[in-house]
Amino acid sequence: MSIILSADKDFSMYAPTFLPHLMSAIENPDFNTRKMALDVINTLASILPNVLKTYKVDLLETLSELRFDKMKPVRDATLEAL
């Protein structure tokens, strides 16, 4: 996440390569991985909202499901990302 914050607008050129991995991490069985992926999505949404437009439908669908995750930190991160 700190790489994204330090690169800020320059990160947008790497986003198309990075986002599929991030989408995969959101569905990882490890709750820490899901939470960190959600935190990164929240960061991207704050600093580079246009980067997420391509994945908007998939993201909203996945985030809607994660609102009911069994782990509270994941649910909280999901609500923040939404």
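The residues of the chain are indexed from 1 along the displayed sequence.
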Could you tell me the separation between the [atom1] atom of [X] and the [atom2] atom of [Y], rounded to the nearest 0.5 Å?
X	Y	atom1	atom2	value
T54	L19	OG1	CG	8.0 Å
L22	L59	CG	CG	7.5 Å
I41	L63	CD1	CG	6.0 Å

Applying side-chain contact (heavy atoms from CB on, under 4.5 Å), can you list everything that pairs with P73, at least two apart in sequence or on another chain? F31, K35, M71
By side-chain contact (heavy atoms from CB on, under 4.5 Å), which residues pair with S24, not counting sequence neighbours?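 Expected list: none.
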Under the side-chain hydrogen bond (donor to acceptor under 3.5 Å, both in side chains) definition, can you give me all pairs with a residue in residues 68-82, not counting sequence neighbours?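 Sorted pair list: R34-D69, N42-E80, K72-D76.
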Under the side chain to side chain donor-acceptor pair (under 3.5 Å) test, which residues partner E27, sequence neighbours left out? none
For a quick test of reading the model, state the closest non-hydrogen atom pair linking A77 to D39 and the distance between them.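 That would be CB-OD1, 3.9 Å.
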Considering non-hydrogen atoms only, spot the tightest contact between T33 and A25 and give its length. CG2-O, 3.8 Å
Pair V51-F18, side chain to side chain contact (heavy atoms under 4.5 Å, CB included): steps then yes or no: CA-CA 11 Å; V51 167; F18 180 71; over 6 Å; no
Pair listing, salt bridge (Lys or Arg N to Asp or Glu O under 4.0 Å) test, anchored in residues 52-66, at least two apart: none
